[in-house]
Amino acid sequence: MSDSRQRLSEIPGMDIILNYDWVQSWIDKLGRIRVKHVINSELSVIRRSIIEDKSAEFSHASFKSSCLSALAFASHSGLRHVINASGVVIHTNLGRSLIAPEAVKEMSAIAAHYSNLEYDLKAGSRGQRNSHIEEILCTLTGAESSLVVNNNAGAVMLALSALAKGREVIVSRGELVEIGGSFRIPDIMELSGAKLVEVGTTNRTHLHDYERAITENTSMLLKVHPSNFRIEGFTASPERKELARLAHEHGLIFMEDAGSGLMVDGDEINLPANTNEISIKSCLDCGADVVTFSGDKILGGPQIGGIVGRREFVDKLKRYPMARALRVDKVTIAGFEATLRLYAQGLYDEIPTLRMLRLDDETMRKRAEALAEKLSQTLTAEVHCIEVEDATGGGSCPEIMLKGWGVSVKHNVMSAGHIQKLLRFVDVPILCGAKDDEIVIHVRTLQEGEDEIVADALAGVMNV
Ligand SMILES: *Cc1c(COP(=O)(O)O)cnc(C)c1O
């Protein structure tokens with residue numbers, strides 16, 4: 001024990017460490033308080049190893065090198081630009097949709113200036129933050145009224161609470177599946193105070209199942225978009241129009257949680273065929289009274305939850321106190337409005353999510369060939385241009401694999417898993433696929449200028 005005390009005493013004190021030249025330069029970059037914090041955690045690792053391992057000693061060289069890499073890591077923002085080379089367009093872990101450059105401009109202008117967020121310029125008096133989006137959202141969807149909140153989970157909770165608290169909501173069992181780790185309709189229902197009534201079996205629900213479940217206390221029939229799962233085979237679910245008719249015959253509300261929120265019907269914007277996604281407008285046309293959707297999935301905007309539908313219901317939500325707790329920030333409103341303007345103008349390729357989904361085979365193949373060419377010149381590895389399977393992701397079109405192009409790289413010593421790990425630690429981290437011990441760079445989700453960054457990073461980690 002006295003031995004470890006002796007070895008611990010060789011660790012210099014913080015005051016001395018902070019005066020080292022190599023530490024001084026980091027103090028300028030990170031601030032003294034953060035440098036101290038980083039060094040302290042490195043020191044506690046060293047102290048622990050000295051106490052636990054009789055042969056461990058303080059080494060200035062290894063202390064310096066571990067501090068330098070910890071300081072370098074700490075110098076990056078927590079939230080960083082990463083390169084999505086996975087081919088999954090709406091990647092929930094990577095921030096879902098990229099925001100259109102036009103919308104980014106609006107967001108940054110509104111962020112940096114005062115705005116008429118809650119001021120009515122025409123009337124010269126207090127205004128409503130929702131008003132800026134209301135007209136364009138109603139025009140695009142054909143809705144009587146609309147509201148935006150923080151996200152779709154919030155939209156569903158608000159709608160259920162305001163319209164069905166203490167009453168029954170009938171949902172098909174086949175639609176009660178977990179959506180993304182944190183969104184479960186039964187949990188949201190419970191929080192909202194609505195009572196869930198499940199009907200049918202997981203793969204078959206008929207109109208008469210809904211009809212039989214209707215009681216005096218029923219408030220709503222709810223349809224949930226099966227965003228990230230698909231029950232194959234022997235399935236049945238009543239058409240929207242029939243559900244709407246049944247609801248209205250009984251004086252009930254018919255609500256749809258559309259999930260991904262397609263602003264224009266899939267065939268109109270040439271989304272990959274048979275996606276089986278219908279637009280918010282079509283949901284309303286089929287008789288839905290209220291439709292909720294996400295802003296940052298296939299819609300391709302910032303994170304919001306949209307609510308559109310009949311005025312009497314949507315207006316009730318606007319007045320409901322929970323709406324205040326779910327309200328949307330001004331920067332988000334600016335970005336969403338700008339995205340909707342692009343839809344109104346038909347400029348679908350200006351919306352990155354739509355552009356990436358609509359990319360044609362030829363464009364992707366050429367890009368993959370060019371990247372493969374470049375990589376084969378710089379890397380000592382096997383490089384091939386290959387066909388790959390991309391995906392929409394993000395709870396849109398679950399069953400649809402998109403045919404795409406990519407570049408496979410196989411190193412003769414390093415495993416694919418090891419290369420993938422190294423690529424997470426470069427300046428702009430890269431997330432790519434892997435298959436048969438080759439890494440696979442999918443070009444569909446690479447943004448402009450990222451091909452070069454990928455090529456440089458690969459050379460950096462593989463040519464050692
Ligand atoms: C994604 C999704 C949600 C949750 O939406 P967020 O915008 O992530 O809150 C809810 N319902 C369905 C059907 C979804 O696909």
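Computed over heavy atoms, backbone and side chain alike; hydrogens, waters and symmetry mates excluded. When a ligand or atom number is given, it counts from 1 through the structure's own listing order. Residue indices begin at 1 and follow the sequence shown.
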>> If the condition is side chain to side chain donor-acceptor pair (under 3.5 Å), which residues does Gln447 pass it with, not counting sequence neighbours?
In response: Arg355
>> Give the atom numbers and elements of ligand 1 that come within less than 4.0 Å of a heavy atom of Arg96.
In response: 6 (P), 7 (O), 8 (O)
> Does a side-chain heavy-atom distance below 4.5 Å link Val148 with Ile307?
Replying inline: no
> Just going by heavy-atom distances, which of Asp257, Asn152, Thr292, Val149 is nearest to atom 3 (C) of ligand 1?
Replying inline: Asn152
> Would you say Gln303 contacts ligand 1, with heavy atoms under 4.0 Å as the rule?
Replying inline: no
>> Could you tell me, atom by atom, which parts of ligand 1 come under 4.0 Å of a heavy atom of Ser294?
In response: 5 (O), 6 (P), 7 (O)
> What atoms of ligand 1 come closer than 4.0 angstrom to any heavy atom of Lys297?
Replying inline: 1 (C), 2 (C), 3 (C), 14 (C), 15 (O)
> Of Arg310, Lys223, Arg240, which is the lone residue that meets salt bridge (Lys or Arg N to Asp or Glu O under 4.0 Å) with Asp289?
Replying inline: Arg310
> Ion pair present between Glu389 and Lys403, side-chain N to carboxylate O less than 4.0 angstrom?
Replying inline: no
> Purely on distance, is any nitrogen or oxygen of Ala258 under 3.5 Å from one on ligand 1?
Replying inline: no
> So is there a nitrogen or oxygen of His225 less than 3.5 Å from a nitrogen or oxygen in ligand 1?
Replying inline: no
>> Assess whether a salt bridge exists between Lys316 and Glu312, defined as any Lys/Arg side-chain N lying under 4.0 Å from an Asp/Glu carboxylate O.
In response: no
>> So, using side chain to side chain donor-acceptor pair (under 3.5 Å) as the criterion, who are the partners of Asn150 when residues are at least two apart?
In response: Gln303
